[in-house]
Amino acid sequence: MADVPARLPAPSPPLPAGWTEHTAPSGHVYYFNKEIKKSTYTRPVAIATPPPAPAPLPPPPASLPARLPASLGANSSYADHNDPLHQQDNSNAHDPKRKIEDLIFGGAQNLYNNRRPDHARGGHQGGARGGQNNFSDRTRQPKDRPKHRHDIPNCAPWILVRTKLGRRFVWNKDTNESFWKFPPDVMKAVVEFDRIEREKRERKERGEPSDAEEDDAIADIESGLAAAEEDVEIVEVDGEEGMDEEEEYEEVEVTDDEGEEGSHAHKRQRTEEPTAEQPGEDDDLAWQLAQMEEMEGMEGDYAEEKFYEEEPPLSEEDCKALFKELLDDTHTNPYTPWDKVLEAGALYNDDRYKALANMKARKECFDEWSRNKMVYLKEQKARQQKLDPRIPYLALLDRYATPKLYWPEFRRKYKKEPELKDGKLPDKEKEKLYREHIKRIGMRSSELKADLTALLKAQPLAALNLATTLDTLPASILTDLRYISLSPLTREPLVETYISTLPPAPEGAAASAEEEVEAAKKREERTRREKALAERERRVQEEKRKQERDLAYGKGRLREEEMEIERAMKVGKGGLKAHLGAEE
Amino acid sequence: MPPVRTARASKKAPPEGFDDIEDTLLEFAAAMKDAENASQDGKKKYEMTWPIFQITHQRSRYIYDMYYEKEAISKQLYDWLLKNGYADAMLIAKWKKQGYEKLCCTRCIQTKETNFRSTCICRVPKETLKEGQEVQCVNCGCRGCASSD
């Protein structure tokens with residue numbers, strides 16, 4: 001989806017000499033005049049000095065310089081003077097009334113008015129606007145950008161590019177030149193191309209399927225243009241006059257007017273073509289409606305709107321599940337209190353943190369999650385056989401116990417060992433085991449061997465079988481004193497040989513296919529939710545951007561309106577007529 | 001002569017499930033130690049004990065939640081924790097009563113210790129206070145613990 005063009009906030013007009021702009025600590029912008037030592041919050045406008053150029057009125061407001069066809073290469077060298085929008089409306093230069101209107105309304109509208117019905121894609125803008133007041137176009141010139149690109153048949157390096165606003169220009173892939181005005185040979189090819197397109201469209205309307213996909217390789221062209229940013233040059237070409245009466249072949253004369261840039265008063269250039277009739281009166285309500293519609297049109301690419309409808313809503317359950325997954329993923333300890341979890345700060349960086357709207361919901365979700373998790377952990381623990389505290393203790397005895405030490409001596413000597421410190425095995429038990437063990441160490445080894453074999457034989461096949469190794473002996477053996485009575489050197493070969501005589505483990509533990517299915521389902525759910533969250537995030541961003549743009553736009557408009565009022569107030573003593581007369 | 005029972009020797013091993021909450025309790029213990037050792041410079045005399053009260057409150061609340069709200073620890077463990085001073089049994093006893101669900105400390109409801117035989121200012125519900133009045137009680141630094149807040 002193409003980016004929605006950023007609506008430029010109208011830049012402020014230049015300050016009169018002596019005034020400087022500052023930002024107060026509170027964030028307000030104020031203006032200060034060094035000479036008269038005055039500061040003000042209202043932006044001073046140059047009124048005392050009328051512009052030296054024979055501009056008809058004080059500088060046309062603000063947004064005009066902003067209307068660069070920016071993404072066409074964002075090249076300032078042609079941005080100012082090659083903009084067809086500027087060059088449209090001179091046909092009525094001699095009509096003072098029209099002139100004022102043009103100033104106010106920017107005069108750019110004409111372009112759209114006539115051309116609309118031809119465009120499949122841009123049509124939604126023009127329909128709403130045509131014949132209406134054009135104010136909105138002056139205040140907000142959306143950035144233009146290449147939208148579609150078509151190879152022109154039989155005209156090899158040339159490519160026809162249609163911009164977002166529906167304007168068209170040709171681009172030479174090889175020499176990297178672009179023209180608003182089609183060179184004669186290209187013109188013929190374009191006419192031919194249009195005919196084909198029209199036919200295709202008609203066919204489509206009749207219901208036949210079309211094979212051509214419109215959206216192709218915009219990125220390609222953009223990158224190509226961006227790469228050649230510096231070299232792009234729009235060359236002035238003299239086109240054939242009256243080639244076609246259709247607006248699509250509009251021709252634009254490109255002139256240099258760099259000298260004017262400082263004055264900010266945009267000279268409007270003459271075009272060869274007569275512009276459409278500009279509606280004389282402006283109806284405020286109608287204008288507002290048109291503007292609203294237009295804004296909607298600008299925002300909503302069709303794909304996007306469709307997407308809104310299709311978007312599966314993220315239900316509350318999903319949000320909760322997302323948050324719980326986040327808790328799972330960050331390995332949060334369910335036994336931690338909620339504020340400690342927040343303090344740890346591991347949650348904030350994840351998008352899923354924002355799945356839930358507020359802190360209360362999060363806390364509730366956390367409580368629920370931790371409760372479930374604790375139950376789950378408890379179950380896990382219950383299922384997992386408890387590690388007998390005697391196992392490590394007996395291993396310790398196996399390592400250190402000697403008949404030379406009495407129990408108190410042994411305890412004192414090894415009191416740092418965790419096995420001895422372990423509180424789960426009572427001291428009495430420890431002492432008993434120690435004494436027993438020492439007693440058994442003194443016995444004859446043949447007896448001990450017989451005891452060990454008896455112990456091993458007593459084990460069921462499920463616990464002790466061919467698959468068992470010395471490391472995975474069952475707990476019933478490890479907790480028995482008879483096992484450690486023999487020294488490891490003699491014991492281990494004995495146990496190994498015994499194990500090797502055993503049959504393999506009986507088949508019993510079938511892999512639980514059902515559990516696997518369950519897990520797969522869970523995973524799937526999870527990916528779905530995550531995707532939905534990402535989508536939502538994206539939409540929110542979109543919304544935010546839109547709002548920001550609207551805000552900036554509104555501010556710009558407000559400022560301009562203020563300026564207009566100010567201008568209106570400042571019509572001199574001579575009145576409007578004298579004013580106009582002087583300019584003429 | 002009977003054997004001298006040291007505190008360590010008389011201590012029974014904690015019941016099952018203690019290791020689950022042990023980390024959190026250690027954190028509280030560390031916080032408590034920090035609060036005890038923090039410098040008292042520039043603090044009012046009555047302010048000095050506030051952090052102690054607060055940490056005690058938090059820890060008691062944690063154990064209370066674990067046992068009564070989340071039912072994550074066993075009765076044995078809960079009793080053991082109370083016996084070993086991890087939570088304030090008197091405070092928890094108050095929390096179980098209606099109207100005292102959020103009580104900050106037992107001192108704040110001791111009417112006998114105050115001049116006008118009343119509870120602490122932090123027990124006053126927010127809506128009863130004057131508009132924009134900020135309170136912080138001297139006992140434990142509580143900013144309001146009425147159940148309706």
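Chain naming here is simple, since letters A, B, ... match the order of the sequence lines and numbering starts at 1 in each.
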Worksheet item: Are the side chains of T24(B) and P337(A) in touch, meaning some heavy atoms are under 4.5 Å apart?
Response: yes
Fill in: Over 12 non-hydrogen atoms of neighbours within 6.0 angstrom of CD in E316(A)
no
Fill in: Neighbour count >12 (heavy atoms, 6.0 Å) for atom CD, Q40(B)
yes
Worksheet entry | Which atom of E71(B) lies closest to which atom of K378(A), heavy atoms considered | O-NZ, 3.8 Å
Practice prompt. Below 4.5 Å from any heavy atom of chain B, which atoms of D339(A) appear? Answer side chain, backbone, both or neither.
Written response: neither
Item to complete: Could you tell me the separation between the CD atom of E69(B) and the OG atom of S370(A), rounded to the nearest 0.5 Å?
Response: 11.0 Å
Discussion item. To check you understand the geometry: which heavy-atom pair defines the closest contact between N333(A) and D20(B), and what is its length?
Written reply: ND2-O, 4.1 Å
Fill in: Row check, F28(B) ring normal vs K340(A) NZ/CZ: under 6.0 Å, within 45°
yes
Item to complete: Check whether more than 12 heavy atoms from other residues, nucleotides or ligands sit under 6.0 Å from atom CZ of F18(B), and answer yes or no.
Response: yes
Response to the item:
Rounding to 0.5 Å, atoms CD (E368(A)) and NZ (K70(B)) come to a distance of 11.5 Å
Fill in: Any donor-acceptor pair under 3.5 Å from Y335(A) side chain to A72(B) backbone
no
Worksheet entry | Structural part of P334(A) lying under 4.5 Å from a heavy atom of chain B | backbone
Practice prompt. Verify the neighbour count for atom OH of Y376(A): are there more than 12 heavy atoms of other residues, nucleotides or ligands below 6.0 Å?
Written response: no
Discussion item. Around atom CZ of R143(B), are there more than 12 heavy atoms from other residues, nucleotides or ligands closer than 6.0 Å?
Written reply: no
Discussion item. Taking CD in E524(A) as the centre, count heavy atoms belonging to other residues, nucleotides or ligands within less than 6.0 Å. Is the count above 12?
Written reply: no
Practice prompt. Please say whether more than 12 non-hydrogen atoms of neighbouring residues, nucleotides or ligands are located less than 6.0 Å from NZ in K43(B).
Written response: yes
